Amino acid sequence: LKPSSVDIVGAGLGGLVAALALQRAGWQVRVHEQAPTLGEAGAGISLSSGAGLGLASLGLGRAVLAASLPAPAVAFVHYRTGALLAGSLDGGAPEDRGFHTARHIHRADLHAILLAAVRANDEQCVQPGRRLVALGKSGAEILLHFADGTTTRSRLVIGADGTRSVVRRMLFDAADPRFAGQLAFRCLLPAQRAEPFLAGGNALVTVGPARIFHRYRIRGGELVNVVAIARSERWEGEGWSRRAGVDELAQAYGDFGADVRGLIRVCPPETLIKWGLFVRDPLPRWHSGPVVLLGDAAHPILPFLGLGAALAIEDAIVLARALERGASLISALEAYRTARIDRVEDVRIRSIAQGEIVQAADPDGAGLGASPSQDPRLFDYDPCTVPIHA
Ligand SMILES: Cc1cc2nc3c(=O)[nH]c(=O)nc-3n(C[C@H](O)[C@H](O)[C@H](O)COP(=O)(O)OP(=O)(O)OC[C@H]3O[C@@H](n4cnc5c(N)ncnc54)[C@H](O)[C@@H]3O)c2cc1C
């Protein structure tokens, strides 16, 4: 397909990777982001090997390697006894094998790398303060209506606007996302404060009845990222994330061992955020005419395998490749979904299974050794080489 112009809704990780991949293929890209200022909330993410290779293919290898740490072997330990349930305890910093292993990175650092690369190609590409409120049609063109009263005409629209996607609601699925019965607490601790409670190594998942407490180092080891996911009957509130009190987290994990309780005690309250986790049913199609979805907008997943951002990155790279190869726009958009659907469904289903195993009522009998997280093939998927039949 001959490159022309494209409008991307959402400057999250998926939207920015799509922007960069398409700029490099010669497209004129505009990204519309609702937030008044650009950036990402502070939290760590794991980056699968394949997602890392995808970023490297866009010229970001060196920057991403410098900003991330190789993910150590993960150990799953019992919440009261500390006994090893699965995986292996790391014996210090692992050998750095680049993108041959998964890595840990601060979301804000990855976002900043992507934003700088996109802006180096086109300073005006990403426009903040542009909240999409509706989509319309005028002949072959799509009309994007923004909250500021402006309208943009487009021939190709990529909806990368996350789990609460307006693009999805307008064209694909009017249903609201469903609460998944899970709360996720996230916080960032300075490593100095956390040090006395890190006896189990650099990356540890503590497994208790219906709850996990996962922690690992980021930013050269200076920060410890905590993701604690607990089953819950309810989510109260309008949005899907809000500030939480340290007391609330301490109460939810009060029966965990001394290290987990210690980490919670030294958690800086201003970094603690609570998320309700939401899911949606899979969509039978990802494009409607020249409007296509990617990342969480197309297929939100539960975070138990830490692969949501990786899926958004993979989508963006495969979509750009399909557009390059496609005989027509529509055949390219179809080829994109065909190339991706098995992978996305596999990760979605196995993320649910992983949650059921790690949050079992009895951690001893949960069968963690055979859980999906122990399958390396899940983390090696390479978006640069997967076949595309466009
Ligand atoms: C607790 C938790 C832990 C996680 N841990 C990991 C992990 O370790 N590894 C991993 O790979 N993934 C992880 N994930 C998942 C990951 O965060 C998401 O899957 C990923 O961010 C999806 O990227 P995206 O670009 O599709 O959407 P988002 O990151 O949600 O970006 C969407 C963008 O669109 C913008 N937007 C929304 N609506 C509009 C609108 N109407 N107009 C304009 N702009 C709009 C938003 O402001 C945002 O900038 C985790 C998720 C959770 C909840």
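Whatever order the structure lists them in is the order used to number ligands and atoms, beginning at 1. On a predicted model such as this, the values are computed, not experimentally measured, just so you know.
A donor-acceptor contact closer than 3.5 angstrom links the side chains of Gln359 and Gln182.
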Worked check of salt bridge (Lys or Arg N to Asp or Glu O under 4.0 Å) between Arg169 and Asp176: CA-CA 8 Å; Arg169 178 158 47 77; Asp176 286 331; 5.6 Å; no
Salt bridge (Lys or Arg N to Asp or Glu O under 4.0 Å) between Glu324 and Arg321, intermediate numbers included: CA-CA 5 Å; Glu324 206 171 342; Arg321 287 178 58 215; over 6 Å; no
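Val157 is listed as a side-chain neighbour of Leu144, based on a closest heavy-atom distance under 4.5 Å.
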Tabulation required: pairs of a nitrogen or oxygen in ligand 1 and a protein nitrogen or oxygen under 3.5 Å; columns are atom names and distance to 0.1 Å; otherwise 'none'.
unit_1, atom_1, unit_2, atom_2, d
ligand 1, 8 (O), Ser46, N, 3.0
ligand 1, 8 (O), Ser46, OG, 3.3
ligand 1, 9 (N), Ser46, O, 3.1
ligand 1, 9 (N), Gly306, O, 2.9
ligand 1, 11 (O), Gly306, O, 3.1
ligand 1, 11 (O), Gly308, N, 3.4
ligand 1, 11 (O), Ala309, N, 2.9
ligand 1, 11 (O), Ala310, N, 3.2
ligand 1, 12 (N), Gly308, N, 3.3
ligand 1, 12 (N), Ala309, N, 3.0
ligand 1, 17 (O), Arg107, NH1, 2.6
ligand 1, 19 (O), Asp296, OD1, 2.9
ligand 1, 19 (O), Asp296, OD2, 3.2
ligand 1, 19 (O), Gly308, O, 3.4
ligand 1, 19 (O), Ala309, N, 3.4
ligand 1, 21 (O), Arg107, NH2, 3.0
ligand 1, 25 (O), Gly14, N, 2.9
ligand 1, 26 (O), Asp296, N, 2.9
ligand 1, 41 (N), Leu132, O, 3.1
ligand 1, 42 (N), Leu132, N, 2.9
ligand 1, 44 (N), Gln34, N, 3.1
ligand 1, 47 (O), Glu33, OE2, 2.6
ligand 1, 47 (O), Gln34, NE2, 3.2
ligand 1, 49 (O), Glu33, OE1, 2.7
ligand 1, 49 (O), Glu33, OE2, 3.3

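Partner of Thr152 under the side chain to side chain donor-acceptor pair (under 3.5 Å) criterion, out of Arg130, His145, His32, Arg30: Arg130 alone.
The ring-ring contact (aromatic ring centres under 6.0 Å, His included) pairs that include a residue from residues 68-89 are Tyr79-Phe256, where partners are two or more places apart or lie in different chains.
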